[in-house]
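Lettering of chains follows the sequences in order, A, B, ..., and the numbering in each one begins at 1.
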Amino acid sequence: MNSRGMWLAYLLGIGLLHVILLSIPFVSVSVVWTLTNLIHNMCMYLLLHTVKGTPFETPDQGKARLLTHWEQMDYGVQFTASRKFLTITPIILYILTSFYTKYDGVHFIINTFSLLSVLIPKMPQLHGVR
Amino acid sequence: YQYLLITGIYVLEPWEKSIFNTVLFTMVAMVVYTSYVFV
Amino acid sequence: SHIVGHNAVLYNKPFVESFEETPLLVAVLTYMGYGILTLFGYLRDFLRHWKIEKCRVASERDEQKDFVPLYQDFENFYTRNLYMRIRDNWNRPICSVPGAKMDVVERVTHDYNWTFEHTGTVLKNVINMGSYNYLGFAENTGPCADSAAEATVKYGVGVSGTRHEIGNLDKHEELEKLVARFLGVESSMAFGMGFATNSMNIPSLAGKGCLTLSDELNHASLVLGARLSGSTIRVFKHNNMQSLEKLLRDAIVHGQPRTHRPWKKIVILVEGIYSMEGSIVRLPEVIALKKKYKAYLYLDEAHSIGALGPRGRGVVDYFGVDPHDVDIMMGTFTKSFGASGGYIGGKKELIDYLRTHSHSAIYATSMSPPVAQQIITSMKCIMGEDGTTLGQERLRQLSENTTYFRRRLHEMGFIIYGNENSPVVPLMLYMPAKIGAFGREMLKRNIGIVVVGFPATPIIESRARFCVSAAHTKDMLDTALNAISEVGDLLQLKYSRRTRL
């Protein structure tokens, strides 16, 4: 996750997702932002906190097989640059979404639960917890 | 050829390429249309 | 490009190594490509799961579902959704010696590489830029082949015993004496398999309470040997002496974890030439560090023995350092001698110890006599003991070919990695589709090459890897270079931003 260009590709991916959602003619801006937030957090939750193991064989005799991607990152070391970056991004997206949905109650609740679903698994206390 | 190589769909089967091109074309059309309306 | 500074005073020649960074746009497009292919991979898995598409991958029968799964489903994801699509570039059958030119058996697939059929046609005289054949001893004529044939008639092909029992032949002892002389060490021992030479001997040399400092790009056999030994393993950045020295200092200062007892022994594991990077180890600096911190040095010369140095004695000869400064000299006979197997050289007491304790000596059948004879003949040729200057000529030819090939690729604008004197030349491709396209386009032009992608390399560093040989004539190299340039233009691979020579 910290190889060259990965963070830029990730941010561009979020931007592209937002532009595509924005291009759906009959959807309002608030809904677009909430959809961006929800889809981003869902993909992040699936890829970082649900799928376990590696999509290819590793020479570590299956040690990584039971770990999620987030737990495998940087060999399990906490508070690395990549981890901080991947923690901050959903928060910034959440703040932007709240602003653009004009702090509407329903949107706020949906976005908050979505944000918590990707923040809670990132806490160091939950490393390896099932 | 460059489009196939850079998107990676060079290695896909023809029907998968069709799916990808359809989705991509639809999105580009939507973006162009909405931009036009917006502008 | 990051050419790390180094202690020039330790070197007897300029040490030029470069790893130009991936252009940012190319890196982002590479991630995008892998993202798209992963999405389609999930789509295909979905179709297979709901039986919409026939599943061709090995999987348990329904009756076995309740047992522990034999096949890790997700670990196969890349194999079945990415590698399968371009695997016609790998494991190509050949029907000749893997020499400068070879004959490739043509095959065709009607189901997108899930199965292949031979068409019966043979692609003749394909220029071989993929095999490890540095000195061109992969040939079925000449003194090596003749002497190997004699040895086959005299000894037979197989030895049905281990070195501890009836499998200890005079041919082996002759080979080991010659290898010791070739390396300039007291004694040596030969093993029938290169990989096993590492994985079966390191456990005899290190164990609990020992520390192994391993380069991050070490070969799988070194990694396996270090793991089997039970020693503590710490990894330093590739060929980075600052990183190695930091680990050494920490190891000396802090000792073993928890008890802080001093380490029984510290072994530094490095390779002479890293065959995926094309880089050469900074041996003078490694030796300086091992002397300073009283560590042991295990040098794996799988690729560098026979291919480097004015006398072909490997990276020790290349830098002109004393072979006795390297505690354990390991190498293989596969790449430069047209044979197979490996050796370990060093002090006599070390080798005697290995003879009694090495897993290979106790359990593995010993090296086949014709192979031993092939090594003896080719090694004598390199040493000039066969009365000809063929060996010296091939060494010089390899060095010239390497320099020429690297310089031309550089001039064309490709990004190539590694040391300017390394006969292994990685050319960067980056995007996943270009891996498949490059291999196919080159075979169309009658050039056989090797391509490597994720996960064998970092995700944004897929590459083609050329192995230069002394057997390549200038015409062959020019033919290959022209084809590479043509395909490079077609696929837009000339990414280098460095000033062209």
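- Atom OH of B/Y33 has 12 or fewer neighbouring heavy atoms from other residues, nucleotides or ligands inside a 6.0 Å radius.
- Contacts of C/L43 with chain B are made by side-chain atoms alone, with heavy-atom separations under 4.5 Å and no backbone atom involved.
- The two residues C/I36 and B/I9 make their nearest non-hydrogen contact at CG2-CG2, 4.3 Å.
- Note that OH of B/Y1 and CD of C/E441 are 4.0 Å apart. Values are rounded to the nearest 0.5 Å.
- Using a 4.5 Å cut-off between heavy atoms, C/L82 does not touch chain B at all.
- Atom CH2 of B/W15 is surrounded by more than 12 heavy atoms from other residues, nucleotides or ligands within 6.0 Å.
- Heavy-atom neighbours of B/Y3 OH from other residues, nucleotides or ligands within 6.0 Å: above the threshold of 12.
- Between C/M431 and B/Y10, the closest side-chain pair of non-hydrogen atoms is not below 4.5 Å.
- For C/L47, the part lying near chain B is the side chain, with the backbone staying farther off; criterion is any non-hydrogen pair under 4.5 Å.
- Closest heavy-atom contact between C/A433 and B/L5: CB-O, 3.4 Å.
- With B/I6 as the partner, the side-chain contact (heavy atoms from CB on, under 4.5 Å) test is satisfied by one option alone out of C/T30, C/V26, C/L29: C/L29.
- With rounding to the nearest 0.5 Å, the separation of CG in C/L39 from CD in B/E16 is 11.5 Å.
- Both the backbone and the side chain of B/E13 come within contact range of chain C, judged by heavy atoms closer than 4.5 Å.
- Interatomic distance, B/L12 CG to C/N81 CG, rounded to the nearest 0.5 Å: 10.5 Å.
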